[in-house]
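Everything on this sheet refers to the single structure shown next.
Source: prediction; values computed, not measured. Sequence positions, counted from 1, serve as the residue numbers for this chain.
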Amino acid sequence: MTPTAAHSVLEAIRGRLVVSCQAYPGEPMRDPDTMRRVAEAVAAGGAAGIRAQGVEDLRRIRAALDLPLIGLWKDGDGDVYITPTLEHALAVAEAGADVVAVDGTGRQRPDGRSLAETVTAVHERTGRLVMADVSTYEEGVAAAEAGADVVGTTLAGYTPYSRKTDGPDLDLLARLAADLTVPVVAEGRIHTVEQAGAAIEAGAYAVVVGTAITHPTTITRWFAERVTSTAPRP
């Protein structure tokens with residue numbers, strides 16, 4: 001990817017919505033072609049970009065859409081499972097992702113490489129951008145210093161040592177957006193349009209929403225639990 005192309009990818013999502021199209025293993029929607037259709041559906045609704053996981057999902061979405069594509073590969077049962085190794089990252093790039101999302105926390109990566117080594121290798125071998133998914137302010141700063149092109153708050157509240165807020169961690173987002181020179185993307189527990197707007201107001205370069213748009217099992221559970229808890233007892 002040339003510097004001009006990379007700039008175009010980032011400009012295309014500035015101040016806009018990126019939708020994460022993913023399903024968990026074992027679910028009825030855990031199918032690459034289904035995820036491709038979901039991606040097409042959210043694109044029709046105005047999504048400026050797509051975030052998706054898995055090589056085959058990425059290939060099908062890339063073939064169907066010309067939107068910026070943030071790709072990752074969830075693999076393994078260890079602490080680091082979002083594009084855990086360089087090999088995973090290279091496969092994600094080869095599948096057509098414009099931006100390769102990787103675990104950007106301070107935890108040890110399964111292949112023993114540092115985040116900086118992984119970022120450098122992705123840049124040199126593929127020319128793709130790298131998004132570092134972090135959980136704390138310190139990790140966000142370190143990720144930017146390691147060469148990440150984008151920092152996301154994706155893992156805030158999902159590591160044992162990070163604070164889990166009811167909604168998106170807007171304080172973390174605001175601090176990173178104020179102090180980093182690379183784009184900071186809000187992601188994680190953004191369940192309402194109000195929260196998405198608040199993320200932009202806090203300084204987010206773009207907002208990624210997944211569950212609240214593309215995961216019907218969870219959305220149904222939210223409604224079912226509210227209805228059940230509100231309904232009068234017989």
*asked:* Applying side chain to side chain contact (heavy atoms under 4.5 Å, CB included), can you list everything that pairs with Ala148, at least two apart in sequence or on another chain?
replied: Ala132, Ala143
*Transitively linked via ILVMFWY side-chain contacts under 4.5 Å: Leu65 with Val209?*
yes
*Do Val119 and His123 come close enough that some side-chain heavy atom pair is under 4.5 Å?*
yes
_Looking at every heavy atom in both Cys21 and Ala39, which two are closest together, and how far apart are they?_
SG-CA, 3.7 Å
*Spacing of Leu155 atom CG and Asp79 atom CG [to the nearest 0.5 Å]*: 11.0 Å
*List the atom of Ala48, the atom of Pro68, and the distance in Å for their closest heavy-atom pair.*
O-CD, 3.2 Å
*Give the minimum heavy-atom separation between Val92 and Leu72, together with the two atoms involved.*
CG2-C, 3.7 Å
_Nearest-0.5 Å distance that lies between atom OG1 in Thr211 and atom NE2 in His191_ = 5.5 Å
*Would you call Val42 and Thr214 a side-chain contact if the rule is heavy atoms closer than 4.5 Å?*
yes
*Measure the CD-CG distance between Gln53 and Asp75 for me, rounded to the nearest 0.5 Å.*
9.0 Å
*Sidechain-backbone polar pair: Thr230 side chain, Val227 backbone, donor-acceptor under 3.5 Å*: no
_Other cluster members, Val193 - Ile/Leu/Val/Met/Phe/Trp/Tyr, side-chain contacts below 4.5 Å_ = none
_Within one Ile-Leu-Val-Met-Phe-Trp-Tyr cluster: Val102 and Leu90, side-chain cutoff 4.5 Å_ = yes
*So, Asp169 and Arg163, do they make that salt bridge, N to O below 4.0 Å?*
yes
_Thr85 side chain to Asp111 side chain, donor-acceptor N/O pair below 3.5 angstrom_ = no
*Only counting residues at least two apart or in another chain, list the ones meeting side-chain hydrogen bond (donor to acceptor under 3.5 Å, both in side chains) with Thr159.*
Ser135, Ser162
_Side chains of Leu173 and Pro168, heavy atoms from C-beta outward: is any pair under 4.5 Å?_
no
_Residues forming a side-chain hydrogen bond (donor to acceptor under 3.5 Å, both in side chains) with Arg107, sequence neighbours excluded_ = Asp103, Thr105
*Honestly curious: do Leu176 and Val130 fall in one hydrophobic cluster under the side-chain, below-4.5 Å linking rule?*
no
*For Lys74, enumerate each residue passing the side-chain hydrogen bond (donor to acceptor under 3.5 Å, both in side chains) test, keeping only those at least two apart in sequence or located in another chain.*
Gln22
*Starting at CG of Leu170, measure out to CZ of Arg175 and round the result to the nearest 0.5 Å.*
14.0 Å
*Step through the shown structure and confirm whether more than 12 heavy atoms of other residues, nucleotides or ligands are within 6.0 Å of CZ on Arg37.*
no
_Salt-bridge contact Arg30-Asp57 (side-chain N to carboxylate O under 4.0 Å)_ = yes
*Considering only heavy atoms from C-beta outward, does the side chain of Asp179 approach that of Tyr137 to under 4.5 Å?*
yes
*Only counting residues at least two apart or in another chain, list the ones meeting side-chain hydrogen bond (donor to acceptor under 3.5 Å, both in side chains) with Ser8.*
none
_Minimum side-chain heavy-atom gap His215-Tyr24 below 4.5 Å_ = yes
_Heavy-atom pair of closest approach, residues Arg189 and Ala156_ = NH1-O, 2.9 Å
*Taking side chain as C-beta onward, heavy atoms only, is Val207 less than 4.5 Å from Ile200?*
yes
*asked:* So, taking the atom named OG1 in Thr153 and the one named CD in Glu139, what distance separates them when rounded to the nearest 0.5 Å?
replied: 12.0 Å
_Any heavy-atom pair between the side chains of Thr120 and Glu117 that's under 4.5 Å?_
no
*asked:* Looking at every non-hydrogen atom in both residues, tell me the closest pair between Tyr161 and Gly106 and how far apart they are.
replied: OH-N, 4.2 Å
*asked:* Please enumerate all residues that pass side chain to side chain contact (heavy atoms under 4.5 Å, CB included) together with Ala174, with sequence neighbours excluded.
replied: Ala202
_Carboxylate-amine/guanidinium contact Arg125 Glu94, below 4.0 Å_ = no
*Tell me, please, which residues at least two apart from Tyr158 pass ring pair (Phe, Tyr, Trp, His ring centres under 6.0 Å).*
none
_Other members of the hydrophobic cluster containing Ile219, with the 4.5 Å side-chain heavy-atom rule, please._
Trp222, Phe223
*Nearest heavy-atom pair of Leu67 and Ala47: which atoms, and what distance?*
CD1-O, 3.5 Å
*asked:* Can you tell whether the side chains of Arg60 and Asp31 come within less than 4.0 Å, N to carboxylate O?
replied: no
*Salt-bridged, Asp98 to Arg62, with N to O below 4.0 Å?*
yes
*Working to the nearest 0.5 Å, report the span between CG of Asp171 and OG1 of Thr165.*
8.5 Å
*asked:* I'd like to know if Leu69 and Trp73 are part of one continuous hydrophobic network [Ile/Leu/Val/Met/Phe/Trp/Tyr, side-chain heavy atoms within less than 4.5 Å].
replied: yes
*Under 4.5 Å between side-chain heavy atoms, chaining through other members, with only Ile, Leu, Val, Met, Phe, Trp and Tyr counted: pull out the rest of the cluster around Ile70, sorted by chain and number.*
Met1, Val9, Leu10, Ile13, Val18, Val99, Leu129, Met131, Val150, Val185, Tyr205, Val208
*Residue pairs fulfilling side chain to side chain donor-acceptor pair (under 3.5 Å) with at least one residue in residues 38-48, sequence neighbours excluded*: Arg36-Glu40
*asked:* Within the 4.5 Å heavy-atom criterion, are Val151 and Val134 side-chain neighbours or not?
replied: yes
*With sequence neighbours excluded, tell me which residues meet side chain to side chain contact (heavy atoms under 4.5 Å, CB included) with Arg221.*
Thr217, Thr218, Glu225
